[in-house]
Amino acid sequence: MSRRRPQPPPSPSGEAGPDSRLLALFRDYGARVYGLARRCGLDPEEAEDGVQEVFLKVQRRIDTFRGEARLSTWLYQVALHTLLDHRRRVSRQTRPVPLGVLADETGEIAARAPGEGPEEAAAIEERRRLVRAALDRLPRKFREVLILRELEGLSYRDIARILGVAQGTVESRIFRGRARLGRELRRLREDLE
Amino acid sequence: MSACRRWQDRLGAWFDGEVSPLEAAEVRAHLIDCPGCRAQVAAWRRQREDLGLLQPGPVPDGLVERMALRFEAGLAAEVRGLDRALRLWTAAAAVLLLAGLGLLLAGRNGLLPREVAASPPRDLDRAVSEILNRPEPAPAEASEGRR
Ligand SMILES: [Zn+2]
């Protein structure tokens, strides 16, 4: 959230109507929210749906945005909550592909380094799916701090603001989350062998 | 060989770049002496690499614009939908009023209309079924079929 200076929403008293304010917000933060959606485990198509859902919620709740809270913090709160819910819903609907079966349905394979052979790519994809599965098994309170810290790169202070908890709580959740994730990864790797 | 309990908080904060330069120097000095804490840090590093695999590629060109257009269209549709729902409601309420009046008159004549409205909203549904479920009129008068 400190990577980019958030722009305050245009004043409601200007000629711009609420819709154009919202659209400006969408253009400023859409990519950010999309990235968060992908990091929460949504595939590209689901992430697009997730983004729509987030901004519809923003539209309905824009009046609850308190000026003193930073806009990006507030947006993160709404987005994280909505996207993790969305993820839970879609993963309940779709049958999980068993680990060990290779599929690039996550779209994350696009991040593959150039010059990688197909076998290496397959191994990396397998590892990626394992990590995603392990992360999915964590209780939400651990999953969200790890996503915000390790994937969004946010500071303890920013995470604490977003989650509305003390910084010490964030610290201990990250610590315990790492331990849990390590255990889940070991368990999944053993199951595969 | 496990990490020292009393160092764990600081170790974690250091790993996340959340300590002062002085504390960082202390942690580094401890790491030189302590294989247990080094192993902990190594495990966190591996996990960070693992998690890095979940990092999505860059947002495709034009995606935000496309999503914004979809969002705009959705907003417009929502407004239109609301408008239509309102008009439908008004129309349905009028139908119910007329139907109620009809029922009243029909009741007097011992006749009940077969259909009140095609697909009225929920509250209307309830009102209609309430009317239809009223006790049967006297058998002689109710021959004209009621469903
Ligand atoms: Zn130690």
Side-chain angles (χ1 to χ4, degrees), chain A residues 18-20 22-24 26-42 44 47-49 51-52 55-56 59 106-112 124-125 127-132 134-135 146-147 149-151 153 155-157 167-168 170-172 174-175 178-179 181-182 185, chain B residues 1-20 23-24 27 36-37 39-83:
Chain A
D19 283 4
S20 61
L22 204 61
L23 280 169
F26 196 109
R27 292 197 164 89
D28 278 353
Y29 287 96
R32 200 66 190 274
V33 174
Y34 178 82
L36 181 63
R38 301 280 287 114
R39 293 178 182 105
C40 285
L42 295 169
E48 285 192 39
D49 292 345
V51 172
Q52 300 290 324
F55 280 92
L56 280 174
Q59 180 218 3
T106 59
E108 279 154 351
I109 203 156
R112 180 211 306 180
I124 288 178
E125 180 55 22
R127 198 174 140 206
R128 186 188 340 266
R129 286 163 43 71
L130 198 84
V131 176
R132 178 57 76 190
L135 192 61
L146 290 178
I147 290 172
R149 170 63 226 153
E150 298 289 35
L151 298 177
S155 68
Y156 288 179
R157 198 186 58 178
Q167 210 166 301
V170 170
E171 206 170 329
S172 91
I174 289 176
F175 187 85
R178 281 180 175 138
L181 184 63
L185 273 169
Chain B
M1 186 180 74
S2 60
C4 315
R5 265 190 172 277
R6 65 185 195 90
W7 276 89
Q8 289 213 323
D9 284 355
R10 247 181 302 173
L11 207 59
W14 168 79
F15 185 70
D16 286 327
E18 300 267 353
V19 295
S20 68
E23 284 173 308
V27 170
C37 286
Q40 170 79 281
V41 170
W44 285 340
R45 284 228 165 100
R46 278 194 302 276
Q47 194 178 88
R48 183 166 278 173
E49 268 178 42
D50 279 342
L51 284 168
L53 292 172
L54 304 184
Q55 210 57 273
V59 177
D61 280 347
L63 178 72
V64 173
E65 198 47 40
R66 191 156 53 76
M67 289 193 303
L69 288 174
R70 179 180 159 196
F71 183 64
E72 201 174 3
L75 280 184
E78 195 171 317
V79 171
R80 276 200 307 274
L82 214 68
D83 194 43

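Reminder, nothing fancy here: chain letters follow the sequence lines and each chain counts from 1.
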Open item on the list: To the closest 0.5 Å, what do you measure between CZ (B/Arg10) and CD (B/Glu18)?
Closed with: 15.5 Å
Task: Residue A/Phe26 versus chain B: region with a heavy atom under 4.5 Å - done: both
- [ ] Could you check which of B/Gln47, B/Gln40, B/Arg66 has the highest count of heavy-atom pairs closer than 4.5 Å to chain A?
- [x] B/Gln47
Task: Part of A/Leu135 lying under 4.5 Å from any heavy atom of chain B - done: side chain
Open item on the list: For B/Arg46, is there an ion pair with B/Glu49 - N to carboxylate O distance below 4.0 angstrom?
Closed with: no
Open item on the list: Which residues pass the ring pair (Phe, Tyr, Trp, His ring centres under 6.0 Å) test with A/Tyr156, not counting sequence neighbours?
Closed with: none
Open item on the list: Please classify the contact of A/Glu171 with chain B as side chain, backbone, both or neither, using a heavy-atom distance under 4.5 Å.
Closed with: side chain
Task: Cation-pi check, B/Arg48 onto B/Phe15 ring (under 6.0 Å, within 45° of axis) - done: yes
- [ ] Mind ranking A/Val33, A/Leu181, A/Val51 by heavy-atom pairs under 4.5 Å with chain B and telling me who comes out on top?
- [x] A/Leu181
Open item on the list: Among A/Glu150, A/Gln52, A/Glu48, which residue has the highest count of heavy-atom pairs closer than 4.5 Å to chain B?
Closed with: A/Gln52
Open item on the list: To the nearest 0.5 Å, what is the distance between CD on A/Glu125 and CZ on A/Arg127?
Closed with: 12.0 Å
TODO: Could you tell me which residues satisfy ring pair (Phe, Tyr, Trp, His ring centres under 6.0 Å) with B/Trp14, sequence neighbours excluded, listed by chain and number?
DONE: none
TODO: Sort A/Phe55 into side chain, backbone, both or neither according to what part of it lies under 4.5 angstrom from a heavy atom of chain B.
DONE: both
- [ ] Please flag which part of B/Leu51 lies under 4.5 Å from any non-hydrogen atom of chain A: side chain, backbone, both or neither.
- [x] both
